[in-house]
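The structure under discussion appears below in the form of structure tokens.
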Amino acid sequence: AQSVTQLGSHVSVSEGALVLLRCNYSSSVPPYLFWYVQYPNQGLQLLLKYTSAATLVKGINGFEAEFKKSETSFHLTKPSAHMSDAAEYFCAVTRMDSSYKLIFGSGTRLLVRP
Amino acid sequence: SAVISQKPSRDICQRGTSLTIQCQVDSQVTMMFWYRQQPGQSLTLIATANQGSEATYESGFVIDKFPISRPNLTFSTLTVSNMSPEDSSIYLCSVEDWGLAGGHEQFFGPGTRLTVL
């Protein structure tokens, strides 16, 4: 069965430090991939998406992610963390049986220390 | 891009009762989705609601427990029936729409936080 794995349920970084959130997927066919952010008591907001164009995808708020087919990974990075980046981050992939449906990872809570 | 609102934003209910959650979109969309997010967990798709057809449910979810209506292209409701404490979750609706950066994306509502006592 398809799956999305996010390593680390919690990641803590200092303000100004590099943010790296990991996402690996299992799929025999490269899917479309997404990163969403969820701020407390809010819905999900799309950060960026990979749809088979450029493998390095730039998103909002300075985030970017690189699709690596050989590693089946789509890790999210940001060079310098801001306090406002503290939130829950979800990686998602399109399902093989329906490209309109998404499978979400378990989420990573990013904590930013002053 | 679509803007989605949900009502209520939160509710506390007694076990055995039912709650209907509304999802309103500011534009016409074909596909709407309902998700459940249990405390501290990820999102699980409950069902897909297309206007003019019956909702299609994912494995583990049934119509008797989660009846869905989709009367037009901008509105849907999800009912959580005969609730138990295990139904305490955040329920989110989403829609497929054309994104600002091009291509189809899912846009999410703010969610309904349900607590069942």
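Computation of the quantities below employed the complete heavy-atom set of this structure, encompassing side-chain atoms and omitting hydrogens, waters and symmetry-equivalent molecules. Residue numbers start from 1 in every chain, and the chains themselves are labelled A, B, ... in the order their sequence lines are given, proteins ahead of strands.
The hydrophobic cluster containing Y39(A) also contains I60(A), counting ILVMFWY residues as joined when their side-chain heavy atoms lie under 4.5 angstrom apart, directly or transitively. Clustering ILVMFWY residues whenever any of their side-chain heavy atoms sit less than 4.5 angstrom apart, transitively, puts V3(B) in a cluster other than the one holding V95(B). One hydrophobic cluster, built from ILVMFWY side chains closer than 4.5 Å, holds both V80(B) and Y57(B). Put simply, L33(A) and V19(A) are part of the same group of oily side chains (I, L, V, M, F, W, Y) that touch within less than 4.5 Å, one to the next. A continuous path of ILVMFWY side-chain contacts below 4.5 Å connects L47(A) to V11(A), so both sit in one hydrophobic cluster.
Within the 4.5 Å cutoff, side-chain heavy atoms of Q37(B) are placed close to those of F90(A). Within the 4.5 Å cutoff, side-chain heavy atoms of Y36(A) are placed close to those of Q106(B).
Closest of all the heavy-atom pairs between S42(B) and S106(A) is CB-CA, 3.7 Å.
For T48(B), the part lying near chain A is the side chain, with the backbone staying farther off; criterion is any non-hydrogen pair under 4.5 Å. For L102(A), the parts sitting under 4.5 Å from any heavy atom of chain B are the backbone and the side chain alike. The contact between E96(B) and chain A is made entirely by side chain atoms (from C-beta outward), counting heavy-atom distances below 4.5 Å.
The CG atom of L46(A) sits 7.0 Å away from atom CZ of F107(B), with the distance rounded to the nearest 0.5 Å.
Contacts with chain B were tallied for Q45(A), R109(A), E88(A), Q38(A); Q38(A) has the most, counting heavy-atom pairs under 4.5 Å.
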Run the numbers on L43(B) and L44(A) for side-chain contact (heavy atoms from CB on, under 4.5 Å), then give the verdict.
CA-CA 10 Å; L43(B) 282 76; L44(A) 275 70; 4.0 Å; yes
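Residues from residues 72-85 of chain A never place a non-hydrogen atom less than 4.5 Å from a non-hydrogen atom of chain B.
Residue-environment remark: CD (E54(B)) stays at or below the threshold of 12 foreign heavy atoms within 6.0 Å.
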